[in-house]
Amino acid sequence: MYNFKETEKKWQTYWEENETFKTDVWDFSKPKFYALDMFPYPSGVGLHAGHPEGYTATDIVTRMKKMQGYNVLHPMGWDAFGLPAEQYAINTGNHPEQFTLDNIKTFKGQLKSLGFAYDWSREISTTNPTYYKWTQWIFKQLYLDGYAKYIDMPVNWCEELGTVLSNDEVIDGKSERGGYPVVRKNMKQWVMDIPAYAEKLLNNLDDLDWPESTKEIQRNWIGKSVGALVDFKVANTHHTFTVFTTRCDTLFGATYCVLSPEHKIVNEITTEEQKEAIEEYQRICATKSELERTELSKDKTGVFTGAYAINPVNNKEIPIWISDYVLATYGTGAIMAVPAHDDRDYEFAKKFNIPIIQVLEEETGETKENESQKNSIVAIVHDQETDQYLTINWHQLGGRLFIGGTIKEGETPLECAFREVAEETGYTDIEQLKETFKIRHHYYAHNKDKYFQIECTGFLFELKSHNKQTQNLDEDEAFDVEWVSKDIVLEEIKDALHLKTFEYTENGGAMTGDGIHINSEFLNGLYKEEAIQKMIAWLEEHHVGKKQINYRLRDWIFARQRYWGEPVPIVHMEDETDRVLEDEELPLILPKMDDYKGRNGKAPLENAEEWKHVEIDGIEGIRETSTMPGSAGSSWYFLRYIDPNNEDAIADPELLKHWLPVDLYVGGPEHAVGHLLYSRFWNEYLYDKGIVPVKEPFQKLVHQGMILGANGIKMGKRYPEYVVNPSDVVESHGADALRLYEMFMGPLQADKPWSQTGLDGSKKFLDRVYRIFEEGKMVEETTPELEKIYHQTVKKVTNDYETLNFNTAISQMMIFINAVYKEDKISREYAEGFIQLLNPVCPHMTEEIWHTYLGHDETIAVSTWPTYEESKTVEDTYEMIVQVNGKVRGKIEVSTSTTKEEMETLAKDIPNVKIHLEDKEIIKVITVPKKLVNIVVK
RNA sequence: GCUUGCGUGGCGGAAUUGGUAGACGCACAGCACUCAAAAUGCUGCGGUUUAUGACCAUGAGGGUUCGAUUCCCUCCGCAAGCACCA
């Protein structure tokens, strides 16, 4: 019987004592492979079930690559600074430093008990001064190059946590940690100018082997939009303001402008009469939290400033409003509003009765030459009592339509609509509900043999009563007037114009799609894209605007009013200058403090009186008391692993050149816009400085899925009875069984529920493997019966490990073991190969068998990975499938050398196939070599 | 609302340059071993049926094809991300 407890301990000690997985980074003779795990926060609760999943995945690849002759770097460390660790320490009444050290000890013990092939000599912790010296050094470079800035700006302030937070740490207006409310507040802050790298961060994404969803999240987060700046003069003043728009082609349709309540010129342009209302509105906005702003977003609010802006394109005066639907932090904090073609502006204009000017027409039908032009209407009449629509059934002549007609000279579209409804259907008592934007429609009129282009206005009416006049028809008009339901309308009305009109009346809102410009002077007749180009050219020519690219990505707020982080190596001097520390002064050590909690919104380091006050060149100064965010240290740790003890540089340039980029990076998807974006930014910056040799640090990224509780719900405080502790499983089933089970559960990337019986099953498989040796089923001579399946197994397992499809690799190994039991014996050769294949997943038991039953002296970790012969993986016969009309009617075992003709003959000879061919005419026979024959009959 | 994924037995899942749907495992049932149980080994296991066969079945409905889990369209459901970004 296999004793996993003793055995697992034994080999863990052996690997440690023999430094089996120590990497000689200077050995450039072998190809390199850098496998990286996202290093954990050493929280107080220890490892959770999800940790072993990702870590086993990289471990499998690491062990296989090592056996395949690669020099593999597989390190581990601790992301121990930051809010989570500090908050946890406060909650449990500990000091962050001791608490962190204790947790690291626990984590390390747990990881070792899982048998991971880490090179522990490269262990790093972001909290170690020898490490954060370089975090501060990178900050210094960024500061000197102007990317780290100390500026006054609106930030996310969390009162409960007593600190500012970066945008990715705020979710739905609440803090990611703890879910406390977050408000906007102006503060002098350290920020990183990550927007300066927006374009590079966006472009480089294309070439990365990353999950598409994560790339998309980063693209959205960066949020590039191409548009234009347009300058507006404020009428009768010397003031101007600039708006950002992606739709400068709609400038002729601008009927008002909106400034964000915080915009600089608001107070200067507001008229006396409006002053009170404006100030009141500004006051309300300022006190609203992020959460309140989003919650109240359903209804538009705003106040007129009393001032007017001059539209540069036609010199029309349009009112200037303020509203919180315009954000101070995006674009220029001001917009031109085009209600006809923007949903938000439309909603606002409707609420405040501001004019709406259509400048684009949607098009239906196809443009033809020599079209005659007409103006027309489509009238849709609805009867509330029956919820039916009034239609005209032209039968063969044109199918079902609403009421349509041409506008006569001197008639308004609305008058025309009333007239047409009365003439064609007799109904006179109708009330107008809606008028749609005009649609441009192209069609061919059979009776006149002419092409028409019409400009059509749609109307929706409500039937007030069934009062009727006599219909007034031309003699050639033959149709029936019918009331039909919405379903019939959608089913039977085929005409594009009528359908589109119906859609407009149903949905309402602005017309935001593409179309043809009208009411726009030099843009008339152009589609959106051409019009944008032409307008930009016009704006630039007249010096009232220019092309502009804008990003949603904001400055990375880089300071926390907390204790447990890297001190910022800056001194604010008495003479109002800032001094960055000399390299020799780094690391700036975090002072030990008994009371590390901030008071009254002040950073804890404010209380470190002795540490805080410095004198440089005879001038007094005060150190920066904010610390860096948790994501600072984790933004470059993958560089430090390569050369963790280097005292002169973040790492030796030659080593960086050899080992970068990371070949495989595995971690959770929750870091998509935090860590994964910040790391890319720092790496790209260091690349530009010539310190790092690659543009992108992580070539291949994979997110492991979440291990859910057996109830299918995320493990956590909510359902403590479903939480699985990996250490308990190591105790009860062994590390090998846990590793095997987590890899067999399903695809690495998928969320998967835990199953206790599934875990038992994995343990049983290991026992089943062990029993082969225990019961002496291994023989020295070869077992030809297993040859094919063995070679197939080596091939599949090797490929599947490479592509991280561990579940199917394990399934193939189970198939192999089932075959061994069927034969009841296995040759030494195949047994050794199989144990090597299983080793990366279950390193302890396989190591034990390798020594005890297979008689090796050296660790299996340095053995050579088994190979397969392609010729031995293929069968010489196969089961040919015979289909009749695509349905399987027979199967027959044939040789792989069977020709197409022979296949057909054999197929037609199968009794059950014959039955299905009887009295049928064979039309076609499709033969796929080594697969099937499909006989098509009639 | 927008973006990106996903939807297959009782359960986890397998199969995609379009070619036997349900590999492998769990659960379940039967047999062997045993005084018995556990453990172990072997066998069966999508549904219906008149059962060596036929029909139905990969969220629903349509399409392309000799043939669709796989490709296309519409709809439904679930998950994640974004959410007044001009």
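Chain identifiers are assigned alphabetically (A, B, ...) following the order of the sequence lines, protein sequences preceding nucleic acid strands; residue numbering begins at 1 within each chain. Heavy atoms only: backbone and side chains are in, while hydrogens, waters and symmetry mates are out.
Taking for each of A:Glu775 and A:Ile926 the nucleotide of RNA chain B with the nearest heavy atom, the 5'-most of the two is the partner of A:Glu775. Mapping A:Leu932 and A:Thr245 onto RNA chain B by nearest heavy atom places A:Leu932 closer to the 5' end of the strand.
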Next on the checklist: Evaluate A:Ser260 against A:Tyr330 for side-chain hydrogen bond (donor to acceptor under 3.5 Å, both in side chains), listing each step before the verdict.
Outcome noted: CA-CA 10 Å; A:Ser260 68; A:Tyr330 184 79; over 6 Å; no
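Checking B:rU50 for Watson-Crick or G-U wobble geometry (two distances, each under 3.5 Å) identifies no partner in any strand. Across all strands shown, B:rG1 is found opposite B:rC82 as a Watson-Crick or G-U wobble partner, with both distances under 3.5 Å. Base pairing of B:rC45: no nucleotide in any strand meets the Watson-Crick or G-U wobble criterion (both distances under 3.5 Å). Pairing of B:rU16, defined by two Watson-Crick or G-U wobble distances under 3.5 Å, is not identified with any nucleotide. Within the shown strands, nothing qualifies as a pairing partner of B:rU64 under the Watson-Crick or G-U definition with both distances less than 3.5 Å. Partner assigned to B:rG7 is B:rC76, using Watson-Crick or G-U wobble distances below 3.5 angstrom. Nucleotide B:rU40 is matched to B:rA32 when pairs are restricted to Watson-Crick or G-U wobble geometry with both distances under 3.5 angstrom.
A:Asn220 and A:Arg552 form no side-chain donor-acceptor contact under 3.5 Å, judged by distance and modelled atom types alone.
At a threshold of 4.0 angstrom between heavy atoms, the contacts of A:Ile217 are confined to the sugar-phosphate backbone, with no base atom among them. Among the atoms of the strands shown, none is found under 4.0 Å from any heavy atom of A:Lys796. Backbone-only engagement by A:Asn912 is indicated by non-hydrogen atom pairs under 4.0 Å involving sugar-phosphate atoms exclusively. Among the protein residues, A:Asn934 comes within range of the nucleic acid bases, having at least one heavy atom under 4.0 Å from a base atom. Looking at heavy-atom distances under 4.0 Å, A:Glu216 makes contact with sugar-phosphate atoms alone, never a base. Nucleic acid contact class of A:Tyr821 (heavy atoms, under 4.0 Å, all strands): sugar-phosphate only. Among the atoms of the strands shown, only primed sugar atoms or phosphate atoms (P, OP1, OP2) are found under 4.0 Å from some heavy atom of A:Ile815. Contacts of A:Gln812 with the nucleic acid, taken as non-hydrogen atoms under 4.0 Å apart, are absent. Contact annotation for A:Arg554: base contact, defined as any heavy-atom pair under 4.0 Å involving a base atom. Nucleic acid contact for A:Asp760: none, since no nucleic acid atom lies under 4.0 Å from a heavy atom of the residue. Using a 4.0 Å heavy-atom cutoff across all strands shown, A:His341 reaches no nucleic acid atom at all. A:Ser225 comes within contact range of the sugar-phosphate backbone alone, with a heavy-atom separation under 4.0 Å but no base atom that close. Within the nucleic acid shown, A:Lys931 comes within 4.0 Å of sugar-phosphate atoms alone, with no base atom in reach, counting heavy atoms only.
Under a 4.0 Å N-O distance rule, the pair A:Asp767/A:Lys763 qualifies as a salt bridge. Between A:Lys752 and A:Glu742 there is no salt bridge, since no side-chain N of the basic residue sits under 4.0 Å from a carboxylate O of the acidic one. In summary, A:Glu216 and A:Arg219 engage in a salt bridge, as defined by a charged side-chain N under 4.0 Å from a carboxylate O.
Distance, A:Asp342 CG to B:rG1 C1': 14 Å, rounded to whole Å. Residue A:Leu766 contributes atom CG, which lies 12 Å from atom P of B:rU40 at whole-angstrom precision. For A:Ile817 and B:rA23, the CD1 to P distance is 20 Å, given to the nearest whole Å. Rounding to whole angstrom units, CD1 of residue A:Ile222 and P of B:rC82 are separated by 14 Å. The interatomic distance linking A:Ile810 (CD1) with B:rG13 (C1') rounds to 12 Å, in whole Å. What separates NZ of A:Lys351 from P of B:rC84 is a distance of 17 Å, to the nearest Å. The CH2 atom of A:Trp754 sits 15 Å away from the P atom of B:rC26 (whole-angstrom rounding).
Shown here is A:Lys350, whose NZ atom has no more than 12 heavy atoms of other residues, nucleotides or ligands within 6.0 Å. Other residues, nucleotides and ligands contribute only 12 or fewer heavy atoms inside 6.0 Å of the NZ atom of A:Lys714.
Each of B:rA27, B:rG13, B:rC84 was ranked by its minimum atom distance to the side chain of A:Lys752; first place goes to B:rG13. Taking only side-chain atoms of A:Val888, from C-beta outward, the nucleotide of B:rA86, B:rA21, B:rA23 with the closest atom is B:rA21. Of all nucleotides listed (B:rA54, B:rA14, B:rG12), B:rA14 comes nearest to the side chain of A:Pro747. Side-chain atoms of A:Ile335 lie closest to B:rA86 of the nucleotides B:rU20, B:rC24, B:rA86. Among the nucleotides B:rA27, B:rG12, B:rC66, the one closest to the side chain of A:Lys764 is B:rA27. Taking the side chain of A:Arg768 as heavy atoms from C-beta on, and the options B:rG13, B:rC42, B:rU43, the nearest nucleotide is B:rC42. The side chain of A:Trp221 sits closest to B:rC82 out of B:rC82, B:rU3, B:rC66. Listed candidates were B:rA86, B:rU3, B:rU43. Nearest to the side chain of A:Lys822 is B:rU43.
With both ends at atom C1', the span from B:rU17 to B:rC71 equals 12 Å, rounded to whole Å. For B:rC33 and B:rC45, the C1' atoms lie 23 Å apart once the distance is rounded to whole Å. Distance check on atom C1': B:rG47 versus B:rG41 gives 31 Å, rounded to whole Å. Across B:rC31 and B:rA38, the matching P atoms stand 13 Å from one another, rounded to whole Å. Rounded to whole Å, the separation between the P atoms of B:rC56 and B:rG44 comes to 27 Å. Of the P atoms belonging to B:rC75 and B:rU4, the separation is 15 Å, rounded to the nearest Å. Taking atom P on both nucleotides, B:rG10 is separated from B:rG59 by 13 Å, rounded to a whole Å.
Contact annotation: A:His916 reaches the phosphate of B:rA54 (side-chain N/O to OP1 or OP2, under 4.0 Å). An OP1 or OP2 oxygen of B:rA86 is reached within less than 4.0 angstrom by no side-chain nitrogen or oxygen of A:Arg552. Checking the phosphate oxygens (OP1, OP2) of B:rA14, a side-chain nitrogen or oxygen of A:Asn807 falls inside 4.0 Å. An OP1 or OP2 oxygen of B:rU20 is reached within less than 4.0 angstrom by no side-chain nitrogen or oxygen of A:Lys891. Close to B:rG25, at under 4.0 Å from its OP1 or OP2, lies a side-chain N or O of A:Asn818. Here A:Arg889 reaches the OP1 or OP2 of B:rC55: one of its side-chain N or O atoms lies under 4.0 Å away. Distances shorter than 4.0 Å separate some side-chain N or O of A:Lys887 from OP1 or OP2 on B:rC56.
Between the A:Gln883 side chain and the A:Asn885 main chain, no donor and acceptor come within less than 3.5 Å of each other.
Aromatic pair A:Tyr256/A:Phe348: ring centres closer than 6.0 Å.
In this structure, A:Lys300 satisfies the cation-pi test against A:Tyr325, with its NZ or CZ atom closer than 6.0 Å to the six-membered ring centre and inside 45 degrees of the ring normal.
Nucleotide B:rG63 carries an anti base; the chi torsion (O4'-C1'-N9-C4 or O4'-C1'-N1-C2) is more than 90° from 0.
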